[in-house]
Amino acid sequence: MDPLSEMLALLKPKSYITAGFDAGGSWALILDDLAGRIKCYAVVKGGCWLSMEESDGPVFLKAGDCFVLPTGRPALIASDLEAEPELASQTLDPDRSGEVVTFNGGGDVFLVGSRFEVNGRHAEVMLQALPPFIHVESTQDRTKLRLYIELMMEELRDARPGAFQVAQNLSHMMLAQALRLFIESSPGGVGWFTALADPRLAQSIKAMHSDPSHAWTLEELARKAGMSRTSFAQYFRRRVGETPISYLARWRMMSAGTKLIQGVETMAEISMSLGYSSEHAFSTAFKRIIGQSPRRYGRSQKQNVNSNQ
């Protein structure tokens, strides 16, 4: 798989709320219910502001725009930045998936999309690579994204048999397409996610993803990028935010985390599959990067998965 597909496969985002949001008048909501979740919505009608503490300032979202909030940090969404904000967790019904929620009378702004549950600490480490706010503007080539949004609106509106499942499947396609468009339109960003748009770095990142057990060297990765060893190392760190070898180690641990949760392979098999000569070397690297031993991590994440089922 390509790196974006692999990230989505490891995160296993589960759409648990797929709905429309119809708001009217002057309003402001603090999205305080995003911990451990990814939010992906599109503005279908009207416009609204979105603001986060980590951003440079409020961003106006117009009809046709899509936004993704991948890191679980609170955000403010509003028609009027001067309005007294309300907490979304106390104002909106979290159990109305498949419906259109009307707020403050409705009629002025309409959004459609989903919230996705992701897997605890495993997701937290992976999502650190993403910006807190992803904005996909309507001016971009987004024919597929527009189609997914229109089909989702149709499912929510008509409520035909199977509408809930179809809308959930469309929400996954909408999320993947929004992330793809963001990658393609962010040549100057920092982080491995945006670095995928760089043809040189994309080749080295794909190589590490496709064969994490290989003992990659700077020379080999630099050749994949068509650069000298020194230039590649400096360029990779500047664009990705860490060294190539550090990135490789972290990706290996993300892959290991999924294997530990699945519980099919032994610790020795996981160690060998990721290029470690011994369980001890693998365990040391895992604890350094994830913050827990592999066995403890596997037990805790399995408990989380079981409790959420």
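Starting from 1, each residue takes its place in the sequence as its number.
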| query | About how many Å separate CZ of R115 and CG of L31, when rounded to the nearest 0.5 Å? | reply | 8.5 Å

| Non-hydrogen side-chain atoms of K287 and Q292 separated by less than 4.5 Å | no

| request: Treat each ILVMFWY residue as a node, draw an edge where side-chain heavy atoms are under 4.5 Å apart, and state whether V109 and F60 are in one component. | output: no

| field | Cation-pi check, R252 onto Y247 ring (under 6.0 Å, within 45° of axis) | value | no

| field | Distance, nearest 0.5 Å, that separates CG of L87 from CG of D32 | value | 4.5 Å

| message | I'd like to know if I245 and V240 are part of one continuous hydrophobic network [Ile/Leu/Val/Met/Phe/Trp/Tyr, side-chain heavy atoms within less than 4.5 Å]. | response | no

| said: Can you give me the closest heavy-atom contact between G113 and M174, atom names plus distance? | reply: CA-CE, 4.3 Å

| task | Look up atom NE2 in H209 and atom CG in L248, then write down how far apart they are to the nearest 0.5 Å. | result | 9.0 Å

| query | For the residue pair Y297 and F286, is the inter-centroid distance of their aromatic rings smaller than 6.0 Å? | reply | yes

| message | For E279, is there an ion pair with R295 - N to carboxylate O distance below 4.0 angstrom? | response | yes

| said: List the residues meeting side chain to side chain donor-acceptor pair (under 3.5 Å) with Q203, not counting sequence neighbours, and say none if there are none. | reply: none

| field | L81 and L76, any side-chain heavy atoms less than 4.5 Å apart | value | yes

| query | Looking only at heavy atoms, which two atoms of M152 and L170 are closest? And how far apart? | reply | N-CD1, 3.6 Å

| Side chain of D65, backbone of K62: donor and acceptor closer than 3.5 Å? | yes

| Among the clusters formed by ILVMFWY side chains lying less than 4.5 Å apart, do F133 and L111 turn up in the same one? | yes

| query | Taking all atoms of both residues into account, what is the closest heavy-atom pair of S273 and K259, and its distance? | reply | OG-CE, 3.7 Å

| field | Worked check of side chain to side chain contact (heavy atoms under 4.5 Å, CB included) between H214 and E220 | value | CA-CA 11 Å; H214 182 72; E220 289 177 308; 3.0 Å; yes

| request: Measure from the ring center of F232 to the ring center of W216 and say whether it is less than 6.0 Å. | output: no

| query | For M272 and E269, what are the C-alpha separation, side-chain angles and deciding distance, and is it a side chain to side chain contact (heavy atoms under 4.5 Å, CB included)? | reply | CA-CA 5 Å; M272 292 183 62; E269 289 171 335; 6.0 Å; no

| said: With heavy-atom distances below 4.5 Å as the criterion, would you say the side chains of R250 and E242 are in contact? | reply: yes

| Which atoms form the tightest heavy-atom contact between V68 and A178, and what is the distance? | CG2-CB, 3.9 Å

| Test item: C40 and C66 side chains (from C-beta on) under 4.5 Å apart, heavy atoms | yes

| field | side chain to side chain contact (heavy atoms under 4.5 Å, CB included) between D198 and R239, worked out | value | CA-CA 9 Å; D198 188 306; R239 289 298 315 278; 3.1 Å; yes

| Donor-acceptor pair, D22 side chain versus V101 backbone, under 3.5 Å? | no

| said: Assess, by modelled atom type and distance only, whether the side chains of N169 and S171 contain a donor and an acceptor separated by less than 3.5 Å. | reply: no

| task | Measure the OG-CG distance between S79 and L29 for me, rounded to the nearest 0.5 Å. | result | 9.5 Å

| field | Over all atoms of both residues, closest heavy-atom pair of A83 and S26 | value | CB-OG, 3.6 Å

| field | ILVMFWY network linking I30 to Y41, side-chain heavy atoms under 4.5 angstrom | value | no

| message | Within the structure provided, determine whether S204 and F236 are in side-chain contact (heavy-atom separation under 4.5 Å). | response | yes

| message | Any non-hydrogen side-chain atom of L274 less than 4.5 Å from a side-chain atom of S255? | response | yes

| CG-CZ distance between L221 and R200, expressed to the nearest 0.5 angstrom | 14.5 Å

| query | Is the ring centre of F182 less than 6.0 Å from the ring centre of H135? | reply | no

| field | Student check: side-chain heavy atoms of F282 and I270 closer than 4.5 Å | value | yes

| Hydrophobic cluster membership, V136 vs W49, 4.5 Å side-chain cutoff | no

| query | How far does CE of M208 sit from CH2 of W251, to the nearest 0.5 angstrom? | reply | 10.5 Å

| message | If you apply the rule side chain to side chain contact (heavy atoms under 4.5 Å, CB included), what do you find for F103 with W27, and how did you get there? | response | CA-CA 9 Å; F103 181 67; W27 56 273; 3.6 Å; yes

| said: Side chains of E265 and L260, heavy atoms from C-beta outward: is any pair under 4.5 Å? | reply: no

| task | Would you check if the side chain of S231 reaches a backbone N or O of S228 as a donor-acceptor pair within less than 3.5 Å? | result | no

| said: For G107, is there any backbone N or O sitting under 3.5 Å from a side-chain donor or acceptor partner on K45? | reply: yes

| Taking atom CD of E82 as the centre, does the number of heavy atoms from other residues, nucleotides or ligands within less than 6.0 Å exceed 12? | no

| request: Compare every heavy atom of D108 with every heavy atom of G25, then report the nearest pair and how far apart it is. | output: N-OD2, 2.7 Å

